[in-house]
Colleague: 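Dropping the structure in here first, questions after.
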Amino acid sequence: MPELPEVETIVRDLAPHLTGRTFHHPQLHKADVLRGITARRLLRALRGARIADVSRRAKHVVMRLASGSRLVIQPRMTGSLRVHDAPLDRAERRYAVLEADLGRGERFVYRDVRRLGTIHLLDEAAWSSYTARIGPEPLADDFDAATLAARLSDTRQAIKKALMDQRKLAGVGNIYANEALFRARLDPSRPAHRLTRRELGRLHTAVRTVLAEAVTARGTTVRDYRTGTGGPGAFQVALDVYGRGGEPCRRCGTRLTTTHAIDARATTFCWRCQGACA
DNA sequence: ACGAGGTCCTGCGAGC
DNA sequence: TGCTCGCAGGACCTCG
């Protein structure tokens with residue numbers, strides 16, 4: 001499920017193929033992913049539009065058009081974005097949501113099996129308010145421990161839920177929240193405002209290192225995620241806790257626990273490494 | 001301010 | 001074999 005490292009990988013793969021290119025004959029196969037725009041208006045805006053640049057914000061792919069508007073695609077669970085250099089076969093077209101001809105035999109395709117993903121088309125003002133609602137980028141140079149502490153320590157929510165709150169911090173989803181809390185040896189259910197400065201420091205380091213390592217590995221493929229070139233990521237073999245409930249902790253050998261007690265999401269942790277360290 | 005639960009959406013695996 | 005059911009879950013919503 002594309003979180004920050006996965007979307008970063010997609011953007012790095014797509015950027016060389018999309019930057020400076022033009023959308024020809026855009027086709028929208030499913031309209032229920034659209035937010036705040038009709039299919040008719042989206043297609044009119046994309047037809048013949050030149051892509052100025054492609055970037056990432058949190059878990060969103062942002063294509064800035066020469067018109068100044070931004071095509072913002074959030075893949076969520078099962079979305080994938082690719083540039084194909086051959087016509088799509090039947091299987092490749094099956095879940096296509098949006099596609100466009102880029103010329104030179106290349107095609108851009110956003111596909112999404114479950115279609116929990118979203119597409120926005122935002123002008124400058126709408127983009128400003130959109131991005132302002134999202135928290136700071138954890139891999140930015142100026143994202144320090146004090147910033148993390150300030151963002152997370154104003155709530156009594158479980159630290160794991162707070163970490164995944166996109167308004168507080170950008171790009172962390174279920175996989176990397178589990179992994180970061182394990183690395184920081186923190187109980188995922190601890191109220192965020194009760195964490196000490198020292199613990200927040202560990203969490204800051206853990207969040208940044210796990211995200212950076214996952215970017216290097218081109219993301220985590222558990223099931224659906226594919227890179228911008230259609231291949232799997234490699235970070236799944238490096239996961240310490242996510243998806244490993246019942247298996248031994250890599251640190252102490254204790255059987256890992258999975259609960260759904262926090263926000264009804266799968267949380268896997270080692271009660272020994274993470275449970276008792278207050 | 002917080003938790004609980006519903007909503008979107010489809011594929012997949014378990015159970016009968 | 002063929003059906004139903006619950007689950008996967010990010011972001012958003014309402015309700016109490």
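Just so we're on the same page: letters track the sequence lines, and every chain starts at 1.
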Colleague: What is the separation between atom CG on A/Leu116 and atom P on C/dC12, rounded to the nearest whole Å?
Modeller: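 Going from CG in A/Leu116 over to P in C/dC12 covers 13 Å.
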Colleague: Looking at the side chain of A/Met77, which of C/dA11, C/dG9, B/dG11 is the nearest nucleotide?
Modeller: C/dG9
Colleague: Tell me, yes or no, whether the heavy-atom count around A/Arg47 atom CZ, taken from other residues, nucleotides or ligands under 6.0 Å, exceeds 12.
Modeller: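 It does: A/Arg47 CZ has more than 12 such atoms within range.
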Colleague: Just N and O in the side chain of A/Tyr95: are any of them under 4.0 Å from OP1 or OP2 of B/dG11?
Modeller: yes
Colleague: Counting the atoms with a prime plus P, OP1 and OP2 as sugar-phosphate, which does A/Thr155 contact under 4.0 Å by heavy atoms, base, sugar-phosphate, or nothing?
Modeller: sugar-phosphate
Colleague: Can you measure A/Asp224 atom CG to C/dC7 atom C1' for me and round it to whole angstrom units?
Modeller: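 Interatomic distance, CG of A/Asp224 to C1' of C/dC7: 14 Å.
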Colleague: Give the nucleotide from the list C/dG10, B/dG11, B/dC2 with an atom nearest to the side chain of A/Arg156.
Modeller: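 Closest of the options to the side chain of A/Arg156: B/dC2.
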Colleague: Which nucleotide sits closest to the side chain of A/Gln166: C/dA11, B/dG3, C/dG9?
Modeller: C/dA11
Colleague: Step by step, work out the ring-ring contact (aromatic ring centres under 6.0 Å, His included) result for A/Phe143 and A/His204.
Modeller: CA-CA 9 Å; A/Phe143 182 78; A/His204 171 258; 5.6 Å; yes
Colleague: Could you tell me the separation between the CG atom of A/Asp112 and the P atom of C/dA11, rounded to a whole number of Å?
Modeller: 13 Å
Colleague: Say you draw a straight line from SG of A/Cys252 to CZ of A/Arg255; how long is it, rounded to the nearest 0.5 Å?
Modeller: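 Answer rounded to 0.5 Å: 12.5 Å.
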Colleague: Rounded off to whole Å, could you give me the CE-to-P distance for the A/Met164 and C/dG9 pair?
Modeller: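 The answer, rounded to whole Å, is 9 Å.
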Colleague: Which listed nucleotide (C/dG10, B/dC9, B/dG11) is nearest to the side chain of A/Arg94?
Modeller: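 Looking only at side-chain atoms, A/Arg94 lies closest to B/dG11.
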Colleague: For B/dC9 and A/Thr78 - does any side-chain N or O of the residue sit under 4.0 Å from the phosphate oxygens OP1/OP2?
Modeller: no
Colleague: Salt-bridged, A/Glu106 to A/Arg21, with N to O below 4.0 Å?
Modeller: yes
Colleague: How about A/Arg41: does its CZ atom have over 12 heavy atoms from other parts shown lying under 6.0 Å from it?
Modeller: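 Count not over threshold, so no.
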Colleague: Taking the six-membered ring for Trp, is the centroid-to-centroid distance between A/Tyr130 and A/His60 below 6.0 Å?
Modeller: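 Between A/Tyr130 and A/His60, the centre distance is under 6.0 Å.
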Colleague: Return no unless some side-chain N or O of A/Gln74 is found under 4.0 Å from OP1 or OP2 of C/dG10.
Modeller: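 Negative; the distance criterion is not met.
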Colleague: Does any donor-acceptor pair link the side chain of A/Arg223 with the base of C/dA8 at a separation under 3.5 Å?
Modeller: no
Colleague: Nearest whole angstrom, please: distance from the P of C/dC7 to the NE2 of A/His260.
Modeller: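 In whole Å, C/dC7 P lies 8 Å from A/His260 NE2.
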Colleague: Take the protein atom CD1 of A/Ile159 and the nucleotide atom P of B/dG3, then report the distance between them rounded to whole Å.
Modeller: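 Atom CD1 in A/Ile159 sits about 12 Å away from atom P in B/dG3.
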Colleague: Could you say whether A/Gln157 or A/Arg114 is positioned toward the 5' end of DNA chain B, judged by the nucleotide with the nearest heavy atom to each?
Modeller: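 Counting from the 5' end, the first nearest nucleotide belongs to A/Gln157.
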Colleague: Just compare B/dG3, B/dG11, C/dG10 and give me whichever is closest to any side-chain atom of A/Lys161.
Modeller: B/dG3
Colleague: Can you tell me the distance, in whole Å, between the CD1 atom of A/Ile134 and the C1' atom of C/dA11?
Modeller: 11 Å
Colleague: Measure distances between side-chain N and O atoms of A/Arg265 and base N and O atoms of C/dG10, and say whether any donor-acceptor pair falls under 3.5 Å.
Modeller: yes
Colleague: Looking for any heavy atom pair under 4.0 Å, which part of the strands does A/Ala266 touch: base, sugar-phosphate only, or nothing?
Modeller: sugar-phosphate
Colleague: Counting just side-chain N and O atoms, does A/Tyr242 come under 4.0 Å of either OP1 or OP2 of C/dG9?
Modeller: yes
Colleague: Go through C/dG10, B/dT10, B/dC9 for me and flag the one nearest to the A/Asp32 side chain.
Modeller: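 Among C/dG10, B/dT10, B/dC9, the one nearest the side chain of A/Asp32 is B/dC9.
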Colleague: If you assign each of A/His193 and A/Asp263 to its closest nucleotide in DNA chain B, which residue comes earlier from the 5' end?
Modeller: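 The 5'-side residue here is A/His193.
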Colleague: Which whole-number value in Å describes the distance from A/Ile119 CD1 to C/dG10 P?
Modeller: 20 Å
Colleague: Looking only at side-chain atoms of A/Lys59, point me to the closest of B/dG3, B/dC9, C/dA11.
Modeller: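 Nearest to the side-chain atoms of A/Lys59, counting from C-beta on, is C/dA11.
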